[in-house]
Structure formats: structure tokens, C-alpha cells
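Scope of the values below: all heavy atoms of this structure, side chains included, with no hydrogens, waters or symmetry mates. Please read all numbers here as calculations on a predicted model, not as lab measurements.
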Amino acid sequence: MRLSSENLVDSKFVLNDSDEEGAYLGPSARCVLFTLENEIYGIHVKKIREVLRVGTIRKVPGTPRNVLGVINVRGVIVTVLDTRAVYGMAAKSINDVSRIIIVELDDERTVGMLVDFVMEVKDIPEKQFEPLSSTKENASRYIQGIAHFQKNVIILIDVDNMFGDLD
């Protein structure tokens, strides 16, 4: 996974390591944290190939509303989804801090997720996560759990469920 420091510079979104959880030595989940609206979301690092600045996204006629188009990542065409649309949020213009998180679904499939802002990579103690009961009728089936960590609530995304229907 590639994360450059320029992606992670806004200190207002950096979680404080000085809290009591900072000394935790048990099992943890290493997550890339990002924001949509004012909520913090996380994805396990093992599912992420890289984080990119938003460049040219080519529209593809006939795609669902949540598909922004495709990008060329070093010769590989990657479908880019509007994560806000997937979660039923209002559209937002792309700006300088918007990023595309490239998620590896398996050896052959990758997908890009447009997010508002990528914060940092953080180890979150597994004991902090509470599972979320899933339903098939709404976006909560894409959420693996919720963590209360360093005075923040972090929503852990289940990318396998989120993109499981993609072909």
C-alpha cells in the first residue's frame, strides 16, 4: 500500500496517541481512516493497495448512480465509486483533499472509493470494536463494526460485503 505523507497532513483529523489506548499491546486492526461528512470511517490496511489524488475520472454511460467512472492506474482500469452515494449521502464536489482509495477485492479485482479526506493509518485495538447487526435492506450491511477509540467513533467498513456484487 502506498500512502504518502502529503495525504495525511491535516492535524485536525489526526487522532491523539497520548490517550490511554496508546499503551495497548493486544491484538489490533491496522486501518486507513478517512472521512465522509464529519464521520470517521476505517478500512483494514490489508484490503488497500494505495491512496491516490483525484485525477481524471472518465464517465462510463449506463453505469449506476454510485459509479463515477473509471481511472487508469498504471495501465490498469479501475472503477471508481462515489462512497457518499453508496451510503446515501448528498453529493459533494471533489476538492484538493478528496482522495481515491484503491481497494483490492481479490487477486484480479480492484475498485476505487472516492472519499472526502484520508486521515491516517491507525492501529485500533480489536477490543474497541463492537459488531453491528447486518441487514440486507440498507447500507449497514457494508459496516463491519463501530469502534470507540480516543474519543472518536470509527465506522469499520466491510469492503467484501460492499463490493461483493461487483463483476
**Rounded distance [0.5 Å steps], CG in Asn66 versus CG in Asp82** = 7.5 Å
**Item:** side-chain contact (heavy atoms from CB on, under 4.5 Å) assessment of Leu81 paired with Val111
**Value:** CA-CA 7 Å; Leu81 297 177; Val111 66; 4.0 Å; yes
**Request:** Specify the closest pair of heavy atoms between Thr83 and Met162, including all atoms of both residues, with the distance to one decimal.
**Result:** CG2-CE, 4.1 Å
**Prompt:** Should we count CG of Asp96 as having more than 12 external heavy atoms under 6.0 Å?
**Reply:** no
**Message:** Determine whether a donor-acceptor pair (N or O, by modelled atom type, separation under 3.5 Å) exists between the side chain of Asn152 and the backbone of Ile154.
**Reply:** no
**Request:** State whether Arg99 and Glu50 are salt-bridged, where the test is any N-O pair (Lys NZ or Arg NE/NH1/NH2 against Asp/Glu carboxylate O) under 4.0 Å.
**Result:** no
**Prompt:** Shortest non-hydrogen contact from Val121 to Arg30?
**Reply:** CG1-CG, 3.5 Å
**Complete:** On a heavy-atom basis, the closest approach of Val118 and Phe34 is CA-CB, 4.0 Å
**Request:** Find out whether Ile57 and Ile100 are in side-chain contact, i.e. whether some heavy atom of one side chain is under 4.5 Å from a heavy atom of the other.
**Result:** yes
**Message:** Donor-acceptor pair, distance only, cut-off 3.5 Å: does the side chain of Arg49 make one with the backbone of Lys46?
**Reply:** no
**Any side-chain heavy-atom pair of Val67 and Thr79 under 4.5 Å** = yes
**Asked** Nearest 0.5 Å, what's the CG-NZ distance between Asp158 and Lys47?
**Response** 9.0 Å
**Item:** Side-chain heavy atoms of Leu156 within contact of Ile143, under 4.5 Å
**Value:** no
**Spacing of CD1 belonging to Ile43 relative to CD1 belonging to Ile48, to within rounding of 0.5 Å** = 4.5 Å
**Prompt:** Closest approach of Thr63 and Val60, non-hydrogen atoms and distance?
**Reply:** OG1-O, 2.9 Å
**Fill in**
side-chain contact (heavy atoms from CB on, under 4.5 Å) test vs Val115 passes for just one of Leu36, Thr35, Val32, namely Leu36
**Item:** Shortest non-hydrogen separation from Ile71 to Thr56 and the atoms involved
**Value:** CG2-O, 3.4 Å
**Arg58: partners by salt bridge (charged side-chain N to carboxylate O under 4.0 Å, His left out), with sequence neighbours left out** = none
**Request:** Hey, can you tell me if Tyr87 and Tyr142 have their rings parallel, tilted or perpendicular (30° and 60° cut-offs)?
**Result:** perpendicular
**Asked** Are Leu114 and Ile77 co-members of a hydrophobic cluster defined by side-chain heavy atoms under 4.5 Å apart?
**Response** no
**Asked** When you look at Glu37 and Lys92, which way does the side-chain contact (heavy atoms from CB on, under 4.5 Å) test go after all the steps?
**Response** CA-CA 9 Å; Glu37 291 290 335; Lys92 180 180 178 184; 5.8 Å; no
**Item:** Between CE on residue Met113 and CG on residue Leu68, distance to nearest 0.5 Å
**Value:** 11.5 Å
**Message:** Do the side chains of Arg84 and Asp116 get close enough for a salt bridge, i.e. N-O under 4.0 angstrom?
**Reply:** yes
**Pairwise distance SG(Cys31) to CD(Gln144) - rounded to 0.5 angstrom** = 8.5 Å
**Asked** Shortest non-hydrogen contact from Ser93 to Ser98?
**Response** O-OG, 4.3 Å
**Validation row: Lys122, Phe149 side chains within 4.5 angstrom (heavy atoms)** = yes
**Request:** Measure the spacing between CG of Leu33 and CD1 of Ile155 and express it to the nearest 0.5 Å.
**Result:** 11.5 Å
**Prompt:** What about Val103 and Val70, same hydrophobic cluster or not, with Ile/Leu/Val/Met/Phe/Trp/Tyr joined at side-chain heavy-atom distances under 4.5 Å?
**Reply:** no
